[in-house]
Amino acid sequence: MKRLSILTVLALAACLTATAAWAKTYTVSVNQFVEHPALDAVLKGLQDSLKEQGFEVKYNVHNAQANMATANQIAQAIAGEKPDMVVAIATPSAQACAQIIKKAPHMAQVPLLFSAVTDPKGAGLVDDLQAPGANISGVSDMTPVDRHLEMIMEIMPGLTDLGVVYNSGEANSKTLVGMLREACQAKGVTLHEASVAKTADAYQATKSLAGRAQAVYVPTDNTVIAALESLVKVCEQNKMPLFAADVDSVPRGAVAALGFDYYLHGKQTGAMAGRIFGGAAVAETPVEFQQGMSLHLNLPAAAAQGANIPEAVRAKADKVVE
Amino acid sequence: MSLFALLGALEQGLVYGIMVLGVYLTFRILDFPDLTVDGSLPLGAAVSAVCITSGMHPALSLLAAMGAGFVAGMVTGLLNTKLGILHLLASILTMTALYSINIRIMGGPNVSLLGVDTVLDPLMRAGLPGYYASPLLFAALAGAVVLALIWFLYTELGQAMLATGDNRQMITSQGVDTHKVIIFGVGLSNALVALAGGLIAQNQGAADVNMGVGTIVAGLASVIVGETVFGNRSLPRAVVAAIVGSIIYRVAIALALGLKVGSFTFTPSDLNLITALLVVVALTAPRLKKRLRKC
C-alpha cells in the first residue's frame, strides 16, 4: 500500500513537471517611474504583446510615484521577487534597476529591459547600442529631431529662426535640444532657446521668443507639455506656428507633430521580451529605436497661428484635426 | 516582504537617516524650518558625482559634498540673519537657486555613476554581497554621525545652539552672537544633508537634479515618527529617534509596495496614500494609548 502511494506521488510529480515544461508561467517585475498616460501605455503595450505571443506571464507592477528613493526601494523589492525578467520604464527606474545588479549578484542573471529611455548610453545603461554586453537592453524613445526639423521646413520653407521651449532640468530634453542645435546648424537655421524650470514659467518663456522666432518647437519635455495651452495662446497672439514632438499635443493646439505612439513603443518592448524568453541573449540584443512614425495635423490651429499647410504635407498626414 | 526588500528599506532608512539628522538639527534644535534641504541633497549628490567622474576618490568626494552643503546652508543663514529675510523664505530662495547651480555643476540634469567605483566597492570586493554592504556601511556612518552630533550638542557651541532655539533673547543677553550660531547651525545641518545626498547618488548609481523633491517632507515625517515611537526624553534619545524614525518611514514604504489584503490588492498609485496613513497611525498611536488607559 505504502509503495503504491509513493508511486502515485511520483507519477503525479512527473505529470506536473511535464505540464510545466510546455506551459511555463513567466514572472515579470516592472519598475515604472511615474503614472503618466504615455508610460501607462508602454506597460499596456508590453502586456498585450506578450499575451498575443502566447506567453503566460505573472506581473509584479510597481510605480515609484516620481520619487527616486522609492524607485530604488522598488529595485530592491524586485531583487527579492526573483523574477524571470525585469522591465524598467523611464530612465530613473532603469538606473535604479541597473544598480541593483551590482548589489544583488543573482540579478545579473535576470534580463533587464528598459523602455521609454531617451538616451540609454548617456544614462550609463549600456556601453554600446549594438552590443550592450551586460544583461541589459531595451527600446529607446529617442525622437528623430532632424526629421522633425525637416517636417517643420516642409510646412515653412522660408524658416530661418526657430524657437524651442524646454526644461533644462530634464535629461532627455537636454539631449534632444543638443541634437536640434546640430540639425539647425546643418540647415542654416538659427535656434533661439527658452528654458523653463517649472510649468508656470512656460508662458513667459514662450513670450520671450516673440519677435525672434518664426515658429516654436517643443521636444518631448514633460514640464513644457504639461503647460502646452499657454504656449498655444502665445503662439496664436504672435502668429508663430507651434510644432510638437508628440502626437498627443496636436489636438491640444499644436499645428503638427511627427511622433510615435507609446502603446506601440510598449509593444516593441514586448516583442523584444518575447525573443528573450525564446532564448535570445540580452547581451547580443541591440538597443532598438521606435519604428513607425505618424504625422498628425491640426487645421484650425494652423489657421489661428498663421501656418499654411501645403497640400503635399496634408496628403501624407495619418490624422487630421479639422 | 522579502529579505531584499527589508534590507533595502533598512539601507534607505539609514542613508536618509543622515539627512534626517540634519533636519532634526534645524527643525528641533535651532527652531529654524529649513527648506534648503530639497536643494542641498541633490547638491551633495552632484558634487560627489562630478568629483568621482573627474577622478577623485569616492570617499574624498563626500567631504567635498559636505563642504558644498555647508556653504549652501550658510547662505540661507546669512540671508536670514544679515539681510533679515524670514527663515522659511530665505531657505526657499537658496533651494530655488540651487536647482540652477546643480545643473551647472553637473553640466546637465543627470550624471550616471553606473559602473564607476564608489565607497561601496571596497566592501563588495572584500566578498560582502552588496545588499549587506550598503546597509552595514550606512549603519556605521549613521552611527558615527549620531555619536558626533550628541558630542557636539554637549559642547559650548552646541549648548548655545540649543539655547538659541529655545530662547533667543535670553542667550543674546548672555553675550552669545546668535547670528553666528544660526549661520553655523544651518550650515552644519546642510552639510549632513549633502553627505546623505552624496551617499545616495553613489548607492543608486546616478545623481539627478530632481532627486531632492520631497526631502523635507520625508525628513520632517521621520523626525516626528521617531519622536512618537522612540521618544525624546533626553538629548541622545531624541537624536537616535531621528534615525529610528527614518527607518520606520522607509519600512512603511516597503510594506506599502507589497501590500495585499485578502482579494483586494492595492494599485501602485495608492502608495502615497498608504504611506501617509501609516505616518498618521504612528502620530496618533501615543494619544490612543493614553485614552485607552483612561478607560
Side-chain angles (χ1 to χ4, degrees), chain A residues 30-32 34-35 40 43 60-82 91-92 94-107 119-127 134 136 167-175 178 195 197-198, chain B residues 1-9 11-12 15-16 42 45 96 99-100 102-103 106-116 118 120-121 124 129-134 200-206 208-215 218 250 253-254 256-258 267-272 275:
Chain A
V30 179
N31 188 352
Q32 183 179 329
V34 63
E35 254 158 354
D40 293 347
L43 178 60
N60 300 314
V61 178
H62 305 281
N63 192 303
Q65 309 281 304
N67 186 319
M68 289 190 75
T70 311
N72 222 23
Q73 270 191 266
I74 288 173
Q76 270 144 333
I78 287 176
E81 289 165 3
K82 301 198 167 75
T91 308
Q95 284 176 328
C97 286
Q99 182 72 355
I100 207 71
I101 293 175
K102 193 164 156 185
K103 285 199 241 160
H106 73 271
M107 291 304 286
D119 184 9
K121 222 172 142 176
L125 295 168
V126 294
D127 295 329
I136 306 175
N167 177 0
S168 49
E170 284 190 32
N172 49 325
S173 303
K174 196 190 167 245
T175 312
S195 152
K198 53 190 184 304
Chain B
M1 193 171 26
S2 71
L3 174 68
F4 289 102
L6 184 67
L7 286 169
E11 164 203 309
Q12 297 283 309
V15 71
Y16 278 91
T96 308
Y99 184 85
S100 302
N102 290 338
I103 293 178
M106 294 192 282
N110 183 293
V111 172
S112 172
L113 289 174
L114 294 173
V116 177
T118 66
L120 291 161
D121 286 81
M124 287 193 257
Y131 46 89
Y132 286 119
S134 36
I200 290 162
Q202 295 190 27
N203 185 43
Q204 73 189 13
D208 192 286
V209 70
N210 296 315
M211 67 191 271
V213 178
T215 302
R250 297 295 161 182
I253 290 179
L257 281 172
T267 69
S269 58
D270 297 329
L271 176 62
N272 282 6
T275 319

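Residue numbers start from 1 in every chain, and the chains themselves are labelled A, B, ... in the order their sequence lines are given, proteins ahead of strands.
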Legend entry - Side chain / backbone / both / neither for B:M211 at chain A, heavy atoms under 4.5 Å: both
Inset, instruction - Counting only heavy atoms closer than 4.5 Å, note whether A:L125 contacts chain B via side chain, backbone, both or neither. - result: both
Legend entry - Residue part contacting chain A, namely of B:L3, when any heavy atom lies under 4.5 Å: neither
Legend entry - Minimum side-chain heavy-atom gap B:T118-B:N203 below 4.5 Å: no
Inset, instruction - Tell me, out of B:D121, B:V111, B:L7, who's got the most heavy-atom pairs with chain A below 4.5 Å. - result: B:D121
Legend entry - Contact origin within B:N102 toward chain A - heavy atom pairs under 4.5 Å: neither
Legend entry - Side chain / backbone / both / neither for B:Q12 at chain A, heavy atoms under 4.5 Å: side chain
Inset, instruction - Specify which of B:P109, B:S2, B:G108, B:G130 makes the most heavy-atom pairs with chain A at under 4.5 Å. - result: B:P109
Legend entry - Side chain A:N67, main chain A:A64, donor-acceptor under 3.5 Å: no
Legend entry - Full working for salt bridge (Lys or Arg N to Asp or Glu O under 4.0 Å) between A:D119 and A:K174: CA-CA 10 Å; A:D119 184 9; A:K174 196 190 167 245; over 6 Å; no
Inset, instruction - Check whether B:A9 gets within reach of chain A through its side chain, its backbone, both or neither, counting any heavy atom under 4.5 Å. - result: both
Inset, instruction - Indicate yes or no for a side-chain donor-acceptor contact from A:T70 to the backbone of A:A66 under 3.5 Å, with no hydrogens or angles considered. - result: no
Legend entry - Portion of A:A79 that has a non-hydrogen atom of chain B nearer than 4.5 angstrom: both
Inset, instruction - Side chain from CB out, backbone as N, CA, C, O: work out which of these in B:V15 comes under 4.5 Å of a heavy atom of chain A, or both, or neither. - result: neither
Legend entry - Interchain contact, A:D127 with chain B, by part (heavy-atom threshold 4.5 Å): neither
Inset, instruction - Return yes if some donor-acceptor pair links the side-chain N/O of A:Q73 with the main-chain N/O of B:R250 below 3.5 Å, else return no. - result: yes
Legend entry - Ring geometry between B:F4 and A:H106 (parallel below 30°, tilted from 30 to 60°, perpendicular above 60°): tilted
Legend entry - Per-residue contact mode, B:S100 against chain A (heavy atom under 4.5 angstrom): neither
Inset, instruction - Could you tell me which portion of B:Y99 (side chain, backbone, both or neither) has an atom closer than 4.5 angstrom to a non-hydrogen atom of chain A? - result: side chain
Legend entry - When B:S112, B:P129, B:G214 are compared by non-hydrogen pairs under 4.5 Å with chain A, the top option: B:S112
Legend entry - Portion of B:Y16 that has a non-hydrogen atom of chain A nearer than 4.5 angstrom: side chain
Inset, instruction - Look at the side chain of A:Q95 and the backbone N and O of A:A123, then say whether any donor-acceptor pair between them is shorter than 3.5 Å. - result: yes
Legend entry - Non-hydrogen side-chain atoms of B:I200 and A:N72 separated by less than 4.5 Å: no
Inset, instruction - Verify the distance criterion only: is there a donor paired with an acceptor across the side chains of A:E170 and B:N210 at less than 3.5 Å? - result: no
